[in-house]
Amino acid sequence: MNRRENSVRRRPPFREPHRSILLVCGAKATEPAYFAGLKRSRRNPAVTIKIKSKPADPEAVVKYAADFGRHAGAEYDEVWCVVDVDEFDLDKAMTAARRLDVRLAVSNPCFEYWLLLHFEACAAPLTCYGDVEKRLLKHVPGYRKSALRFDDFAHGVDKAVDRSRHPEAGHTRNPSTQVGLLVEQIG
């Protein structure tokens, strides 16, 4: 048997498909620090993640992400925006996201609710950042938005993903977050 005949019978090489994700955070410090830490912690060779920050209202974040994804010279398989409900009306952002093929990871009332899920299941309504911060400080004394340390949360990522699943987990439910969906994509 010659080499050519032998190579026909070999199975093709198998390699996990490589995906690339553009992640745009609607805040300057907290979310980018968290996802940079998650990226280092998970080190998934099958996923490339580009993290950008655009402190603005959710609609502006979505438009920025779509523009960056188109003009960055790189092809992204998925474009995600991480935004909070806070005082924003998300209807325009959701409409823009559908139109521009951008996925949203919305936290209601704020991203810190996602962080809280690393330590406890919480279904009690939380009206604002202050309500979430009080509960979060019980688990991470000295927590500050501007100085997030991923190591404080690393051990609870999988628990947070599980706790974020809820049949009614839309952005209008308080509290809720879709960050777990994004974390699952990152691996």
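Predicted model, so just to flag it, every value in this text is computed and none were measured.
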Can you confirm whether the side chains of Ser107 and Thr177 place a donor and an acceptor under 3.5 Å from each other?
yes

Nearest 0.5 Å please: distance from the NZ atom of Lys134 over to the CG atom of Leu126.
10.5 Å

By side chain to side chain contact (heavy atoms under 4.5 Å, CB included), which residues pair with Ala56, not counting sequence neighbours?
Lys54, Ala60, Val61

Going by side chain to side chain contact (heavy atoms under 4.5 Å, CB included), name the residues that satisfy it together with Thr95, two or more places apart in sequence or in a different chain.
Arg98

Which is it for Lys92 and Asp89 under the salt bridge (charged side-chain N to carboxylate O under 4.0 Å, His left out) test, yes or no, and what are the steps along the way?
CA-CA 7 Å; Lys92 290 179 182 178; Asp89 176 8; over 6 Å; no

Please report the interatomic distance OH(Tyr64) to OG(Ser53), rounded to the nearest 0.5 Å.
8.0 Å

State, without any angle test, whether Gln185 and Arg19 hold a side-chain donor-acceptor pair at a distance under 3.5 Å.
yes

Starting at CG of Asn44, measure out to CD1 of Ile186 and round the result to the nearest 0.5 Å.
9.5 Å

List the atom of Pro109, the atom of Val132, and the distance in Å for their closest heavy-atom pair.
CG-CG2, 3.8 Å

Out of curiosity, Arg103 CZ to Leu22 CG, how far, rounded to the nearest 0.5 Å?
13.5 Å

Can you confirm whether Val82 sits close enough to Val24 that some side-chain heavy atom of one is under 4.5 Å from a side-chain heavy atom of the other?
no

Please name the pair of heavy atoms, one in Ser146 and one in Ala29, separated by the smallest distance, quoted to 0.1 Å.
CA-CB, 4.2 Å

Take Gln178 and Leu182, measure what side chain to side chain contact (heavy atoms under 4.5 Å, CB included) needs, and give me the verdict at the end.
CA-CA 7 Å; Gln178 289 92 32; Leu182 170 57; over 6 Å; no

Looking at CG of Leu23 and OH of Tyr76, how far apart are the two atoms once the value is rounded to the nearest 0.5 Å?
10.5 Å

Arg163: which residues meet the side chain to side chain contact (heavy atoms under 4.5 Å, CB included) condition with it, sequence neighbours left out?
Leu117, Ala121, Lys159

Scanning both residues in full, the closest heavy-atom pair of Ala65 with Cys81 reads CB-SG, 3.5 Å

Go through it in stages, so that I can follow the logic: the residues are Val79 and Phe68, the test is side chain to side chain contact (heavy atoms under 4.5 Å, CB included), and I'd like the CA-CA distance, side-chain angles, deciding distance and then a yes or no.
CA-CA 10 Å; Val79 177; Phe68 187 90; over 6 Å; no

Going by salt bridge (Lys or Arg N to Asp or Glu O under 4.0 Å), name the pairs with one or both residues in residues 55-66, residues two or more places apart or in two chains.
Glu59-Lys63

Pairwise side-chain contact, Trp80 with Leu181, heavy-atom cut-off 4.5 Å (strictly under)
yes

To the nearest 0.5 Å, tell me how far Leu38 CG sits from Arg43 CZ.
12.0 Å

Before giving the answer on side chain to side chain contact (heavy atoms under 4.5 Å, CB included), spell out for Glu31 and Val179 the whole-Å C-alpha distance, their side-chain angles and the decisive distance to 0.1 Å.
CA-CA 10 Å; Glu31 291 90 329; Val179 174; over 6 Å; no

What pairs of residues pass the side chain to side chain donor-acceptor pair (under 3.5 Å) test when at least one of them lies in residues 112-126, not counting sequence neighbours?
Tyr34-Trp114, Tyr34-His118, Glu112-Tyr143, Glu112-Lys145, Glu120-Arg135, Glu120-His139

Which residues pass the side chain to side chain contact (heavy atoms under 4.5 Å, CB included) test with Asp158, sequence neighbours left out?
Arg42

Closest non-hydrogen atom pair between Ser164 and Val161, with its separation:
OG-O, 2.8 Å

Closest non-hydrogen contact found for Cys25 with Phe35 is SG-CD1, 4.2 Å

Heavy-atom pair of closest approach, residues Val183 and Val157
CG1-CG1, 3.8 Å

Within a strict 4.5 Å, meaning less than it, do heavy atoms of the Ile21 and Asp77 side chains meet?
no

